[in-house]
Amino acid sequence: MNLQHPSGLRDYLLGKMPADPSSPDLPPAGRWAVERTMLDRAAGTRGTFTGVVIFSPDGDGGLRFHEEGTVVWPAADGGTFTGPATRDYLLRPADTPDALDMLFPDGRPFHRMSFSPEASQDRHWCDPDTYRVTYVRHGEDRFSYVWDVTGPRKDLLLESVLRRLPATVAADGLGSKP
């Protein structure tokens with residue numbers, strides 16, 4: 001199922017139908033629990049990431065994407081590394097409300113995010129490897145994306161599932177940093 005949100009991807013991520021467009025108030029941040037499995041196909045190692053993704057309005061019609069959580073990955077010494085991990089992106093309006101252009105924090109283009117069937121896949125070349133992403137919306141409160149990374153330096157499969165956090169959970173402080 002690859003459903004689209006009637007008011008656009010931005011409102012879907014924030015979890016709010018559009019308010020009065022003339023209102024100066026920014027909608028609240030959209031908070032999503034994220035679970036990611038990570039497979040290094042070349043090394044045969046598997047890891048996980050669990051945490052929260054926060055989509056917050058930037059005041060210019062776009063969104064900030066902030067992810068924080070805990071990564072678990074096999075260590076070189078045969079043990080397991082467990083530690084904090086974060087990442088940030090900028091999402092900018094695209095030529096259609098069903099898409100957002102994702103940028104690195106310094107403004108360099110990364111890829112297009114969309115659930116529409118004709119635009120739900122994109123790619124990013126990071127010399128010398130190719131990153132291919134596919135987004136799927138599973139309903140009002142759940143979506144996923146898969147990164148298939150191939151090339152001479154990397155051979156990874158990263159599968160992420162995001163579930164919208166209820167307002168009570170978000171208010172209790174989980175992922176309270178913008």
Side-chain angles (χ1 to χ4, degrees), residues 9-10 12-15 28-58 62-92 100-115 120-138 141-167 169-178:
L9 180 55
R10 182 180 186 277
Y12 171 75
L13 296 172
L14 290 173
R31 300 177 194 285
W32 299 76
V34 59
E35 294 182 12
R36 179 172 304 123
T37 58
M38 303 177 295
L39 170 63
D40 182 334
R41 293 178 285 219
T45 55
R46 294 178 183 273
T48 60
F49 173 85
T50 56
V52 64
V53 172
I54 302 163
F55 295 98
S56 58
D58 67 3
L63 297 174
R64 289 182 202 93
F65 171 112
H66 175 75
E67 179 181 86
E68 61 184 58
T70 303
V71 67
V72 177
W73 190 256
D77 65 4
T80 301
F81 168 80
T82 301
T86 64
R87 65 179 173 172
D88 293 283
Y89 298 108
L90 304 171
L91 290 97
R92 294 290 176 250
L100 291 167
D101 289 326
M102 192 171 289
L103 311 174
F104 291 105
D106 64 6
R108 289 177 298 128
F110 185 23
H111 71 282
R112 179 160 283 188
M113 177 184 192
S114 178
F115 297 121
S120 63
Q121 297 180 356
D122 203 359
R123 57 181 258 153
H124 174 78
W125 188 70
C126 185
D127 191 12
D129 302 310
T130 301
Y131 288 63
R132 291 176 183 85
V133 65
T134 302
Y135 285 94
V136 177
R137 182 173 164 206
H138 302 283
D141 297 319
R142 187 170 153 265
F143 72 94
S144 63
Y145 58 93
V146 175
W147 281 101
D148 184 8
V149 185
T150 57
R153 289 194 299 189
K154 296 180 181 171
D155 190 6
L156 305 171
L157 185 64
L158 312 171
E159 300 176 293
S160 301
V161 176
L162 285 82
R163 289 180 175 82
R164 189 182 311 279
L165 290 171
V169 172
D172 289 342
L174 179 59
S176 60
K177 289 171 141 181

Q: Determine, for Y135 and R112, whether the Lys NZ or Arg CZ falls below 6.0 Å from the six-membered ring centre while staying within 45 degrees of the axis.
A: no
Q. Who passes side-chain hydrogen bond (donor to acceptor under 3.5 Å, both in side chains) against Y131, sequence neighbours left out?
A. K154
Q | Pair Y12-R164, side-chain donor/acceptor within less than 3.5 Å | A | no
Q) Which pairs pass salt bridge (charged side-chain N to carboxylate O under 4.0 Å, His left out) with one or both residues in residues 121-134, sequence neighbours excluded? A) D129-R153
(Q) Restricting to side chain to side chain contact (heavy atoms under 4.5 Å, CB included), what partner residues turn up for E159, sequence neighbours left out? (A) T37, V146, L157
Q: Tell me, please, which residues at least two apart from R92 pass side-chain hydrogen bond (donor to acceptor under 3.5 Å, both in side chains).
A: D58
**Q.** Non-neighbouring partners of R41 that pass salt bridge (Lys or Arg N to Asp or Glu O under 4.0 Å), sequence neighbours left out
**A.** D148, D155
Q: Check ring-ring contact (aromatic ring centres under 6.0 Å, His included) between F65 and all other residues, then give those that pass, not counting sequence neighbours.
A: F55, Y89
Q. With sequence neighbours excluded, what pairs up with S144 under the side chain to side chain contact (heavy atoms under 4.5 Å, CB included) test?
A. V136, H138, V161
Q: Please name all residues satisfying side-chain hydrogen bond (donor to acceptor under 3.5 Å, both in side chains) with D40, sequence neighbours left out, ordered by chain then number.
A: none
Q: Please identify each residue that fulfils salt bridge (Lys or Arg N to Asp or Glu O under 4.0 Å) with R87, with sequence neighbours left out.
A: E67
Q: With sequence neighbours left out, write down each residue that passes side-chain hydrogen bond (donor to acceptor under 3.5 Å, both in side chains) with D106, or none if nothing qualifies.
A: R108
